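Encoded as structure tokens, the structure appears first; notes follow it.
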There are 2 protein chains.
Amino acid sequence: MARLVMKFGGTSVADIDRIRNVARHVKRETDAGHEVAVVVSAMAGKTNELVAWTRAAAPMHDAREYDAVVASGEQVTSGLLAIALQEMGVNARSWQGWQIPIRTDAAHGAARIVDIDGSLLVERLKQGQVAVIAGFQGLGPDNRIATLGRGGSDTSAVAIAAAIGADRCDIYTDVDGVYTTDPRIVGKARRLDRVSFEEMLEMASLGAKVLQVRSVELAMVRNVRVFVRSSFDPPDAPQIGVGNLPPGTLICDEDEIVEKQVVTGIAYSKDEAQISLRQVLDKPGVAAAVFGPLAEAGVNVDMIVQNVSEDGSTTDMTFTLPVADYDRALKVLEGAKDAIGYRILQGSKDLVKVSVIGMGMRSHAGVAAMAFRGLAAKGINIRAITTSEIKISILIDSAYTELAVRTLHSLYGLDAA
Amino acid sequence: MARLVMKFGGTSVADIDRIRNVARHVKRETDAGHEVAVVVSAMAGKTNELVAWTRAAAPMHDAREYDAVVASGEQVTSGLLAIALQEMGVNARSWQGWQIPIRTDAAHGAARIVDIDGSLLVERLKQGQVAVIAGFQGLGPDNRIATLGRGGSDTSAVAIAAAIGADRCDIYTDVDGVYTTDPRIVGKARRLDRVSFEEMLEMASLGAKVLQVRSVELAMVRNVRVFVRSSFDPPDAPQIGVGNLPPGTLICDEDEIVEKQVVTGIAYSKDEAQISLRQVLDKPGVAAAVFGPLAEAGVNVDMIVQNVSEDGSTTDMTFTLPVADYDRALKVLEGAKDAIGYRILQGSKDLVKVSVIGMGMRSHAGVAAMAFRGLAAKGINIRAITTSEIKISILIDSAYTELAVRTLHSLYGLDAA
């Protein structure tokens, strides 16, 4: 007997037939004797419709009212799924964020979960009742509904799992797990059976769209095992797979991963831009002079590279940013030219960041060098490099995206047989 | 300065443009210095859509889950109207039933309001904030959303008005008031400037669709002045009318009605059926033997007529019921023939109940006789009669509906000049 959280996204609950399908997935688990809490998103398209209404009512609107309107989508789904479960003879009830309560901070529209009292839920689970919980919402300190921001239902699910001490949080999605890289550009991409929290965090931040970054962070901090699987699997199919799990990817502590790979996956992130400041006077406080005004202008700076200055007087400084922020950033830096003291401002758009991720890098030397050689052999020019303990990110021209990802995928032995 | 409740139904908030129109109505009142609480229904069609989903999920479903799903419609409208008001510079916030709270009994799906704590609302109203309240919903004793049953937003509005001590509860609807009779069948029907609670209650029960019966009952018990007016009036038009009110009908205590009419209006109710039991053994308990099994079968018996038996041994018993219950009632009575002890079972469908309503009847003799003579003069056969202090109801063949209503309308001097 285990205690499970099962999370279903908008496409999985898009209409009554699919909600019934979700109910069958849940019934399979209760029939197996498990205690189940389900977290649901709004029906696909619903949230967009509600958001559009709030915008039509006023382009700039009160986030507290936005929350009251938009949270209704999950409310509807939770009630409908509870009904569908009851119809199949499964004892179930819906829970809204304010009923549990899921307490959040005051940042309406993009609130963070502060605390969840899981006691009421656990009591009901022990009585054999399935809890169907509206995702994406909680109760703010002002006693009003607060939503967690788009995609927040993943975070709800992980937070609930932590609060009720669940053995696993199953995320049902439209893919059947986490892959070594994007299967659309590498035909030989393999599904990973297990991946560590740290690796998944890098992969999620770097463009793998499977899970919300915040939910992975939370899972890591609270040590919640997250299992990504397909909601399109037949709900009544036999549950066979690796280590008693059906096909999917388990995101867990690295201690649970027996056979560690040096490199786990190759991620990429499009729509990157790069800006370089040439011959910056190399004096204390210059980095603050560059990045202070950019932060104030809301520019999202990512990689930062500063070379040691050749003669001790000037240096070159390069950073990457989303292409959407590019023009704004140039304007800010032109305005701050005298304050910063640089000679030349250069930049380019249409770049891509390719990343090699793996826990094994920590103990294996030469992983980065292998990547640089591999890309050089294909004539791919590297514009910038940053590394962390478990990843190497390389900025290249976007024209080479597919070639670079495929090259690295083969190079590190990730190709499926 | 007055304290007002303004209630808007589904057609008045059907889309963002209409919601903006409602906001203008509200702004007119706040600009005039009034404290305003607004009660809103779901956007037209929304509730039906939500109800259809719960039915599709399961034909027989948990009323608590139905409530969670269906109450979301009003939640959306309350948030959108608050946004539209803020956009016009009006300080406003939305309130869900559970936030106030509006406490109800446990009858999910058709709950009754038990208690409303108006203190928080009053505090905000005094600060100049408009309260936009989701109608139709409250918080049950189980800490879950409970809805009041279809049309419950009228009841919400009147209950809120009582709780906050409002000077008036304005019901904005798709007609501009209460008429002496249905204007579709009597061209000379007049709008009533004022009508007493008691009269309105009879008119509402008898088929005038302007207001929910429960809301009128509540208004009478709590002495809430209700003003029915059109939401299609231009919101910025000068507010002129009778006694400082714009065009519409004030439903109030009879003490407020200076010039009392003997007859205030003529109502009618279609789809009535009649069943007669002939030669029923006239013994104690016979009425219970007839109506007990009917009540158990959920048959909604309305008028009951029992004649004094001619010879002291048998009597005839007649009652009316909705035509939808007719076949079921006949079956029940056939099954109970021996227990009741009647000779003949007769019935007819396709009847209409026409009612003459007026407070003045209490002090004027001969009002009923006038109706009987009037109908007889037109050759209309009366099938059954019941009377109360302020109304006379007459059952006739439905073919004569229009003729009867027009005849009575003229007869009691209700025709417009």
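Every chain is numbered from 1, with letters handed out A, B, ... down the list of sequences. Computed from a predicted structure; not experimentally measured.
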Side chain / backbone / both / neither for Ile145(B) at chain A, heavy atoms under 4.5 Å | both

In terms of heavy-atom pairs under 4.5 Å with chain B, which of Ala68(A), Gly73(A), Ala71(A) leads?
-> Ala68(A)

With Ala297(B) via side chain to side chain contact (heavy atoms under 4.5 Å, CB included) - residues at least two apart | Val299(B), Val332(B)

Turns out that what part of Leu80(A) lies under 4.5 Å from chain B's heavy atoms comes down to both

Interchain contact, Met60(B) with chain A, by part (heavy-atom threshold 4.5 Å) | backbone

Would you mind checking which part of Leu139(B) comes under 4.5 Å of any heavy atom in chain A, side chain (CB onward), backbone (N, CA, C, O), both or neither?
-> side chain

Smallest heavy-atom separation, Ile83(A) atom then Ala58(B) atom, equals CG2-CB, 3.5 Å

Please list every donor-acceptor pair closer than 3.5 Å that links chain B with chain A, giving the two atom names and the distance for each.
{"residue": "Arg20(B)", "atom": "NH2", "partner": "Ala56(A)", "partner atom": "O", "Å": "2.5"}
{"residue": "Ala56(B)", "atom": "O", "partner": "Arg20(A)", "partner atom": "NH2", "Å": "2.5"}
{"residue": "Asp62(B)", "atom": "OD2", "partner": "Gln86(A)", "partner atom": "NE2", "Å": "2.8"}
{"residue": "Glu65(B)", "atom": "OE1", "partner": "Ser94(A)", "partner atom": "OG", "Å": "2.5"}
{"residue": "Glu65(B)", "atom": "OE2", "partner": "Ser94(A)", "partner atom": "N", "Å": "2.8"}
{"residue": "Ala68(B)", "atom": "O", "partner": "Gln75(A)", "partner atom": "NE2", "Å": "2.8"}
{"residue": "Gln75(B)", "atom": "NE2", "partner": "Ala68(A)", "partner atom": "O", "Å": "2.8"}
{"residue": "Gln86(B)", "atom": "NE2", "partner": "Asp62(A)", "partner atom": "OD2", "Å": "2.8"}
{"residue": "Ser94(B)", "atom": "N", "partner": "Glu65(A)", "partner atom": "OE2", "Å": "2.8"}
{"residue": "Ser94(B)", "atom": "OG", "partner": "Glu65(A)", "partner atom": "OE1", "Å": "2.5"}
{"residue": "Gln99(B)", "atom": "NE2", "partner": "Asn143(A)", "partner atom": "O", "Å": "3.3"}
{"residue": "Asn143(B)", "atom": "O", "partner": "Gln99(A)", "partner atom": "NE2", "Å": "3.3"}

Chain A heavy atoms under 4.5 Å from Ala92(B): which part of the residue, side chain, backbone, both or neither?
-> backbone

